Amino acid sequence: MPPVGPLTVKNLNAGFGRRRILHDLSPKPFVSGQICALTGPNGSGKSTFLRALSGLIPSQATLTLGDENLAHLPLAQRAQRCLYLPQTLPAAVQLPVIEALMAAQRACGPRRHEEITISETEHALAWLDRLSVSHLALKNMSTLSGGQRQLIGLAQALSRRPVSLLLDEPLSALDLHHQFAVMRLLQQETRERPLITLIVLHDLNIALNMADRVLLLHEGRIKADGLPAEVLTPEVLRDVYRVHAHVERGQSGRPFIQISGIAEKT
Ligand SMILES: Nc1ncnc2c1ncn2[C@@H]1O[C@H](COP(=O)(O)OP(=O)(O)OP(=O)(O)O)[C@@H](O)[C@H]1O
């Protein structure tokens with residue numbers, strides 16, 4: 001797929017009822033081939049931001065993807081361009097995993113429902129393999145654990161061929177192996193397709209080491225936006241998260257954040 005984008009967001013305001021949550025956000029454009037980690041304290045507006053981009057909640061903003069004005073697109077097309085994956089998927093889906101994946105693939109293309117082809121099945125199996133969950137193919141979705149459901153949700157999202165992928169805490173229920181495997185797969189997919197990937201992360205060490213950029217929200221406003229090591233500084237961590245922290249380097253040379261205490265409110 002040729003590079004698409006950038007995804008440009010200007011003067012984004014969004015909220016619920018009369019309560020404004022996001023205040024005039026104009027981050028730097030999101031470019032294809034890069035992972036941007038969206039982070040910030042609980043309630044700072046990260047999910048609201050992603051949902052506003054995909055059109056799931058109303059917002060006022062100028063939103064463009066390449067030359068296309070997202071506000072002019074029908075909601076289904078906008079959601080396909082900016083595919084939002086919520087943190088938790090419904091537990092009650094009564095479908096085998098493999099069929100749920102094939103249904104997701106069909107939802108984004110012109111194929112009709114009854115056209116289940118071998119290549120579709122192989123495609124779905126390949127995604128399961130890449131996420132190390134091939135053994136789940138014939139399990140019913142309703143019997144999966146939270147983390148397994150999260151992995152299948154991610155496989156569904158990736159197989160829908162989005163232009164930009166908006167992932168809301170996709171690692172929150174995953175064990176260490178799968179956290180790392182998912183991040184590595186996202187790096188690969190983001191660069192090769194290429195994709196515009198925005199990912200909500202609470203683990204700042206993953207953001208520091210595996211994202212190309214960090215966008216830090218605080219109380220519905222942009223606190224910092226740039227290279228991970230430039231955004232995640234001790235000063236910013238104290239101001240935004242109210243912790244005393246410093247950044248160290250491990251034997252591999254990779255930076256990691258060490259928390260040493262709680263900072264008082266200023
Ligand atoms: N459906 C809703 N109706 C009313 N208020 C909402 C709704 N969803 C979220 N909010 C409020 O909007 C604010 C931002 O919520 P949001 O879920 O975007 O935060 P977040 O940064 O994703 O938080 P977390 O890290 O805890 O998931 C919060 O104060 C929350 O209470």
Side-chain angles (χ1 to χ4, degrees), residues 7 9-28 30 35-63 70-71 75 78-79 82-91 146-147 149-151 153-154 157 162 164-175 178-179 182-183 186 196-211 213-226 228 231-233 236-243 245 257 259 262-263 265:
L7 173 61
V9 181
K10 287 200 180 125
N11 307 109
L12 174 70
N13 289 283
F16 299 96
R18 298 174 68 170
R19 185 171 165 222
R20 187 133 64 106
I21 303 295
L22 300 178
H23 304 268
D24 216 28
L25 304 190
S26 299
K28 293 175 194 161
F30 300 101
I35 295 182
C36 176
L38 182 59
T39 194
N42 294 130
S44 54
K46 302 177 295 296
S47 301
T48 306
F49 180 69
L50 294 190
R51 294 173 70 208
L53 294 188
S54 71
L56 293 172
I57 58 169
S59 62
Q60 288 89 49
T62 307
L63 298 173
L70 289 176
L75 272 185
R78 175 163 163 186
C82 298
L83 188 66
Y84 174 73
L85 181 66
Q87 188 182 348
T88 49
L89 294 170
R149 222 169 27 247
Q150 213 167 31
L151 288 164
L154 190 63
S164 56
L165 199 49
L166 315 181
L167 305 171
D168 203 344
E169 297 191 48
L171 310 184
S172 62
L174 302 187
D175 61 51
H178 283 104
Q179 286 182 26
V182 163
M183 285 307 297
L186 287 174
I196 298 167
T197 302
L198 273 75
I199 174 171
V200 175
L201 289 175
H202 278 297
D203 187 329
L204 299 185
N205 281 312
I206 294 181
L208 192 58
N209 283 291
M210 299 189 88
R213 164 182 169 191
V214 171
L215 175 60
L216 178 64
L217 292 187
H218 187 215
E219 298 174 351
R221 293 185 163 81
I222 294 174
K223 175 73 181 178
D225 182 1
V231 169
L232 299 172
T233 61
V236 167
L237 296 175
R238 189 193 55 225
D239 291 353
V240 173
Y241 288 97
R242 293 198 294 114
V243 291
I257 296 166
I259 310 289
I262 300 288
K265 258 189 179 166

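As the structure lists them, so they are numbered: ligands from 1, and atoms in each ligand from 1. Quick caveat: nothing in here was measured; it's all calculated off a predicted structure.
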What's the shortest heavy-atom distance between Ile21 and Gly45, and which atoms?
CG2-CA, 4.2 Å

Can you tell me which residues line ligand 1 if we count any heavy atom under 4.0 angstrom from one of its atoms, in chain and number order?
Phe16, Arg19, Ile21, Pro41, Asn42, Gly43, Ser44, Gly45, Lys46, Ser47, Thr48, Glu169, His202

Salt bridge (charged side-chain N to carboxylate O under 4.0 Å, His left out) partners of Asp225, counting only residues at least two apart
Arg213

What is the minimum heavy-atom distance between Gly226 and Val231, and which atoms define it?
N-CG2, 3.3 Å

Which pair of heavy atoms, one from Arg78 and one from Leu70, lies closest together, and at what distance?
CD-O, 3.5 Å

Would you say the side-chain atoms of Glu219 and Ser44 include a donor-acceptor pair closer than 3.5 Å?
no

Have a look at Lys46 and tell me which of Leu216, Ile199, Leu201, Val200 forms a side chain to side chain contact (heavy atoms under 4.5 Å, CB included) with it.
Val200

